[in-house]
Amino acid sequence: MTTTSPHLDPPPWPHCAAGASPDDPVGCRGVIVDPYDACLAHLPEAFRGTYLAGLAPGAEVHHSGTPFTGDLLHRLLHALRDPDSGRLLVRHARFEAATFSGTADFGGVAFEDVWFDGAVFSGDAVFRGASFDGNAGFSRTVFAGSAGFSRAVFSRAADFGGAVFALDARFDNATFAGATFVGTAFSGDAWFGAATFSHDARFDRATFTEANFRGAVFSANAGFTRASFSGSALFDRAVFSGAAGLREAVFSGDAGFLGVRFDGDARFGGATFSHGADFHDVTFSRDAWFVGVAFSGSARFSSATLAGSARFDAAEFSAEAVFRRTAFSGDAHFAGTVFSGGADFGGAVFSGEAAFRGASFSGDARFGAAAFSAGAFFSGATFETLSRLGPLVCRGELDLSGARFDGPVTIEAASALFTCVRTRWESTATLRLRYATVDLTDTVIEYPLSVATRPSAFTHDRRPVDESALAGRDPSARITSLSGVDAAHLALTDVDLSGCRLTGTFHLDQLRLEGRCVFADAPAGLHRHGALPARWTQRRTLAEEHHWRAANGSTGWTPAPSGTTPQQPAALAPVYRQLRKSFEDAKNEPDAADFYYGEMEMRRHDGDRPRSERALLTLYWAVSGYGLRASRALAWLLGAMAATVLVMVLWGIPGNDLQAVTTGHLTGQDISLTTDDPTPVNPSGPLHSRLTSQRWEKSLHIVVNSVVFRSSDQNLTTTGTYTEMASRLTEPALLGLAVLALRGRVKR
């Protein structure tokens, strides 16, 4: 296969061929001026003058491939000048592949249709103030000098695709109906400041050294896909009314988008920012896509407004990422985003969902005074050196499930829900929470972790954090589950555990409970247990006991959440036992009593235990509430004493007044005496006749003595004797249980 050098190919028009040689068989490529046989540059002067004299303003000219000097171009344009208005009027002009040496001054020329495709401007090209009412073709044009199109007006499409600007290109204040700069190379400064594009503007694959689009207005779509900016790229205060496509664009210098307004979608997916990227005070009226963008320098989005969806998935922030006071009106997605430097979201407002799933924070992450209306999701995120998260406000769920905290951290949050399922705390951590319902299921705790209710509103920079989104709620933190947690390093302060699932918690006996930790209370008042009325003993209970009793037909107890299977007593007894030990180890015997009561209740209702044991526990419960209810033991004691008194009055005290009889015999000087105690006679007669004050007083004396293990020294009937023996066994025991219960409530 052979190739032909382009300069050896003849042009597609009749050409001059002047200077043809064996090395250049084509020669001059200038189009022949009709009716002559040479191009305008090689016409004899007489013929050239005749041709130029025949031109009039608005005439069609065709000088493709013609080599122009500055003087020749001046003479041509002078021939097209309107003598009345002084304007240069060119109706149709073709300068394709023409070459212009020296300065090519087209300033102020009014073109209708003009083609400079493939032309070469060796010197400066001046189109300042020119107007292009028709097509303007500059594709593959080479501007070796500076190119000036300031205030030029392109009423129809302007095509600069593949053009080369070796030096500065000035399009400031230019007006474009539509513009194509696809593949254009700007080796010098490219000035498009205050330029307006009323139709699509395409800069795809264009290369810029220094680009200035300050104040430019893009009324339709603007495309910079795969554009390359080796120097600074300044778009400050520009307006993009249509879609802005900057996918895979490369910004090797500083990128400035200060105050830019994107009314359509802004697509930066896959773009690369090697230096600073400034999006301060930018307005994104629709979706903003920064998926996979690499920010090697600082990225500033402070005070920006993102009205649509904001996607930063898989983006990389190698330096500081600043989103301070940024307003996210739609969903904000940072899934898999890498923050190698600091991430500052202080004062940011997230009106939609904020998703940081799988994000990585190698530096500090500042969310002070940030507000989340829908929810903040950090599931699977990694925080390597984070020392403080918050204080932040989240009206929805703050999800840290599966997140990992490598260093000591303090989290301050006012949130409706706070989820830490399978979260890993690889150093000490303190959670100061307000309003939060906390789920710590399967949380991995390797160092001390403290969860506490913050009693007062959070402050940031000495100002109170706005918590109005959660107004009307209980500010206490509530824990719903510690299942799967090793509680050996866990400390809870002033938290609500009334709905907390504790089954499956490890080392629960080492759990530290400080301040006022609330457990669920047994239902107050009269309720039903199946078909029978029931009144439950007031005590602190586990949420799981509520679930189990509600599932077994007891009213007043809280049912289990949907999809949750209630735990059985055999599983709840160890939980109560470990909580009791936790309180006892903390020298809090009075509060440990409720959990001992709960443990005994679960043992009594455990169907797997022997019936004899359950019967004994039932008796223990009925008599004294497992030795914890003094009122119950005293009630039984008073009842037993009353019954004993009644038995003594009716049957225990003899009916006759017993007097000892002494008889004797005198034999010589010896006297023999014998004393006989008469046998007690059972009382007779009607029962009501036995109810006398004298018999009642004697009976009371007997019963009181029996309570304190003393003999009454009374002669009793057989019934009275056995009754006294029984009372001396049972009633002191009941008194002891009452004393034990009282001691349990006041013991240190």
- [ ] Evaluate the ring planes of F143 and F149, with Trp represented by its six-membered ring, and classify them as parallel (under 30°), tilted (30 to 60°) or perpendicular (over 60°).
- [x] perpendicular
Would you say T180 and D159 are linked by a side-chain donor-acceptor pair, where the criterion is simply a distance under 3.5 Å?
no
* Is there side-chain contact between I445 and V485, with at least one heavy-atom pair below 4.5 Å? -> yes
**OP:** Evaluate side-chain hydrogen bond (donor to acceptor under 3.5 Å, both in side chains) for N173 paired with S150, printing each intermediate quantity in order.
**Re:** CA-CA 6 Å; N173 294 290; S150 300; over 6 Å; no
### Message
Can a side-chain donor-acceptor contact be found between D281 and S303 if the only test is distance below 3.5 angstrom?
### Response
no
Are the aromatic ring centres of F240 and F257 under 6.0 angstrom apart? no
S318 and S340 have their tightest heavy-atom pair at O-CB, 3.7 Å
Hey, can you tell me if F111 and F116 have their rings parallel, tilted or perpendicular (30° and 60° cut-offs)? perpendicular
| query | Does any non-hydrogen side-chain atom of D399 lie less than 4.5 Å from one of R357? | reply | no
Could you check whether atom CZ of R202 has more than 12 heavy atoms from other residues, nucleotides or ligands sitting under 6.0 Å from it? no
Exactly one candidate in I479, D439, L400, T480 meets side-chain contact (heavy atoms from CB on, under 4.5 Å) with F418; the answer is L400
CZ (R366) and OG (S387) are apart, to the nearest 0.5 Å, by 9.5 Å
Please find out if less than 6.0 Å separates the ring center of F192 from that of F181.
yes
Value for OG1 (T272) from CD (E248), rounded to nearest 0.5 Å, stands at 8.5 Å
Between T385 (side chain only) and S362 (backbone N and O only), is there a donor and an acceptor less than 3.5 Å apart? yes
Discussion item. Parallel, tilted or perpendicular, judged at 30° and 60°: which one describes the rings of F127 and F106?
Written reply: parallel
**Item:** CZ (R395) with more than 12 external heavy atoms under 6.0 Å
**Value:** no
Q) How are the rings of F273 and F268 set relative to one another: parallel (under 30°), tilted (30 to 60°) or perpendicular (over 60°)? A) tilted
When W191, F121, F138, F186 are each screened for ring-ring contact (aromatic ring centres under 6.0 Å, His included) with F165, the one that passes is F186
Next on the checklist: For a salt bridge (Lys or Arg N to Asp or Glu O under 4.0 Å) check, start with the C-alpha distance between R463 and D461, then their side-chain angles and the critical distance, and finish with the verdict.
Outcome noted: CA-CA 5 Å; R463 297 179 181 178; D461 292 338; over 6 Å; no
Do S309 and D331 get their side chains close enough for a donor-acceptor pair, meaning under 3.5 Å?
no
Original post:
Under 3.5 Å, side chain of T410 to main-chain N/O of L431, donor-acceptor pair present?
Top reply: no
Q) Is the gap between the ring centers of F367 and F356 under 6.0 Å? A) yes
CG (D494) and OG (S476) are apart, to the nearest 0.5 Å, by 8.0 Å
Open item on the list: Are there over 12 heavy-atom neighbours, none belonging to R226, within less than 6.0 Å of that residue's CZ?
Closed with: no
Does F295 have its ring centroid less than 6.0 Å away from the ring centroid of F312? no
One should read off an interatomic distance between S302 OG and L258 CG, to the nearest 0.5 angstrom, of 9.0 Å
dist R434:CZ -> E412:CD (nearest 0.5 Å) comes out at 11.5 Å
When F301, F345, F339, F290 are each screened for ring-ring contact (aromatic ring centres under 6.0 Å, His included) with F317, the one that passes is F339
**Message:** In this structure, is the centre-to-centre distance between the rings of F224 and F235 below 6.0 Å?
**Reply:** yes
When rounded to the nearest 0.5 Å, the distance separating CZ of F279 from CG of D236 is 10.5 Å
